[in-house]
K.L.:
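Structure in structure tokens, see below.
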Protein chains: 2
Amino acid sequence: MAGEPPLNLGLLLFIPYRAMESRVFAGLAEAGFDDFTPAQARVFQRIAPDGSRLTDLAEQAQITKQSAGFLVDQLERAGYVERAPDPTDARARLVRIAPRGAAAIPVAAAIVAEVEAEWEAHLGRPRMAALRQHLGRLRELTDPYR
Amino acid sequence: MAGEPPLNLGLLLFIPYRAMESRVFAGLAEAGFDDFTPAQARVFQRIAPDGSRLTDLAEQAQITKQSAGFLVDQLERAGYVERAPDPTDARARLVRIAPRGAAAIPVAAAIVAEVEAEWEAHLGRPRMAALRQHLGRLRELTDPYR
DNA sequence: CCAAACTAGTCAGATACTCTGACTGTACCA
DNA sequence: TGGTACAGTCAGAGTATCTGACTAGTTTGG
């Protein structure tokens, strides 16, 4: 009668996150984008439209700049990103999305939309909207990068 | 005027998850539980009260049983878990929480409660309850293990 | 205008994590 | 009782991550 024990909220967040990531990763692989890893994708998805500095990517992904550099090297070799000098600072280089990376984005977006549609069908539209809204507000507390 | 772009729901889930994990990890380290890693903790928190089989832990954490064995070995060496034969199946052994692991649990729970209280103060009680409820329902779709 | 302090990124080396494949031993089933 | 399935381990390899030390460009305070 007590129903489910109130599962740790962290785990409650993690489970659907993991489900989403797995679906997107599998779908991209199926579409031919199978030459990158989840760790690389976690950096890739944080690249700003007009390019990001390595240090910023590292900060946002909460890894060291060395790790970020390692992952960006691989993304670069696979053709997903390219590096260009930052015109405003000769020390820095901008990591930008390369053609192969740009091609992957709509594929990923479509899978995200599909998963979100399934979730919305299960929860109902208003609850899904509430979920998204509350998570967005939580970001004010938990995301130092915006 | 357009406000924030609607951030990828996966990332929206990941950001608070990561925040929660970091807080708990840091708090445990401060309390003297500094001899384990996040990867070990992700396995540890899935151990059932009466013990779990290695294969089940691996499945729930979505890693191979070899990886799970590797992490449990370390948790065992650090005194967080112990292994006992499974009386119902001589092939299997039950991974159980050892005294040091049991001591860490209330500390972790207190930090989780603290973070949840902060989140609730920010969102308001009804929204926090809705968030928890919707995430719980999402689990029906995204968690094969319950 | 220049020396000190700071910042962007890389190099080198170590450790942690995860995987695939092959194997042992036990359980279950027809 | 023989075959198949399952629990777990062993061995080896690749991936991801870190700390510390370094180079080079930028900013700042006198």
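This structure is a prediction, so every number in the text was calculated from the model and none was measured. Proteins get letters first, then strands, A, B, ... in listed order; numbering begins at 1 in each.
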K.L.:
Starting from A:V115, can I reach A:L135 by hopping between I/L/V/M/F/W/Y residues whose side chains sit under 4.5 Å apart?
P.N.:
yes
K.L.:
Return no unless some side-chain N or O of A:S67 is found under 4.0 Å from OP1 or OP2 of D:dC18.
P.N.:
yes
K.L.:
Determine which pairs satisfy ring-ring contact (aromatic ring centres under 6.0 Å, His included) with at least one residue from residues 90-112 of chain A, sequence neighbours left out, and list them in order.
P.N.:
none
K.L.:
Show me the donor-acceptor pairs, under 3.5 Å and distance only, between side chains in residues 15-24 of chain A and residues at least two apart or in other chains.
P.N.:
{"from": "A:Y17", "atom 1": "OH", "to": "A:E21", "atom 2": "OE2", "distance (Å)": "2.8"}
{"from": "A:R18", "atom 1": "NH2", "to": "B:Q62", "atom 2": "O", "distance (Å)": "3.0"}
{"from": "A:E21", "atom 1": "OE1", "to": "A:R42", "atom 2": "NH1", "distance (Å)": "3.2"}
{"from": "A:E21", "atom 1": "OE2", "to": "A:R42", "atom 2": "NH1", "distance (Å)": "2.9"}
{"from": "A:S22", "atom 1": "OG", "to": "A:R18", "atom 2": "O", "distance (Å)": "2.8"}
{"from": "A:R23", "atom 1": "NH1", "to": "A:E118", "atom 2": "OE1", "distance (Å)": "3.2"}
{"from": "A:R23", "atom 1": "NH2", "to": "A:E114", "atom 2": "OE2", "distance (Å)": "3.0"}
{"from": "A:R23", "atom 1": "NH2", "to": "A:E118", "atom 2": "OE2", "distance (Å)": "2.8"}

K.L.:
Quick check on D:dC18: is either OP1 or OP2 less than 4.0 Å from any side-chain nitrogen or oxygen of A:T64?
P.N.:
yes
K.L.:
Determine which pairs satisfy salt bridge (charged side-chain N to carboxylate O under 4.0 Å, His left out) with at least one residue from residues 92-105 of chain A, sequence neighbours left out, and list them in order.
P.N.:
A:D35-A:R100
K.L.:
Identify every side-chain donor-acceptor pair in residues 48-60 of chain A under 3.5 Å, counting partners at least two apart or on other chains, and give the distances.
P.N.:
{"from": "A:S52", "atom 1": "OG", "to": "A:A48", "atom 2": "N", "distance (Å)": "2.8"}
{"from": "A:R53", "atom 1": "NE", "to": "A:D86", "atom 2": "OD2", "distance (Å)": "3.0"}
{"from": "A:R53", "atom 1": "NH2", "to": "A:D86", "atom 2": "OD2", "distance (Å)": "3.0"}

K.L.:
Angle between the end axes of the helix from C:dC1-D:dG30 to C:dA30-D:dT1, five pairs per end, to the nearest 10 degrees?
P.N.:
30°
K.L.:
Quick one: which residue pairs count as a ring-ring contact (aromatic ring centres under 6.0 Å, His included) with a foot in residues 83-130 of chain A, not counting sequence neighbours?
P.N.:
none
K.L.:
List in numerical order all residues of residues 10-22 of chain B for which some heavy atom is under 4.0 Å away from an atom belonging to DNA chain C.
P.N.:
none
K.L.:
Could you pull out all residues at least two apart from A:E30 that satisfy side-chain hydrogen bond (donor to acceptor under 3.5 Å, both in side chains)?
P.N.:
none
K.L.:
Can you tell me the distance, in whole Å, between the CZ atom of B:F25 and the C1' atom of D:dT17?
P.N.:
13 Å
K.L.:
Just by protein heavy atoms under 4.0 Å, how would nucleotides 5-16 of chain C read 5' to 3' in B, S and -?
P.N.:
--BSBBB-----
K.L.:
Sort and list the pairs that fulfil ring-ring contact (aromatic ring centres under 6.0 Å, His included) and have at least one residue in residues 52-76 of chain A, not counting sequence neighbours.
P.N.:
none
K.L.:
Nearest whole angstrom, please: distance from the P of C:dA27 to the CG of B:D86.
P.N.:
10 Å
K.L.:
Sequence neighbours left out, what pairs pass ring-ring contact (aromatic ring centres under 6.0 Å, His included) with at least one residue falling in residues 41-66 of chain B?
P.N.:
none
K.L.:
Taking for each residue the nucleotide of DNA chain D with the nearest heavy atom, is it A:A90 or A:A68 whose nucleotide lies nearer the 5' end?
P.N.:
A:A68
K.L.:
For B:F25, which residues count as a ring-ring contact (aromatic ring centres under 6.0 Å, His included) partner, sequence neighbours excluded?
P.N.:
B:F36
K.L.:
Thinking salt bridges, do B:R132 and B:E116 make one under a 4.0 Å N-O criterion?
P.N.:
yes
K.L.:
Between B:I63 (CD1) and D:dT9 (C1'), how many Å, whole number?
P.N.:
15 Å
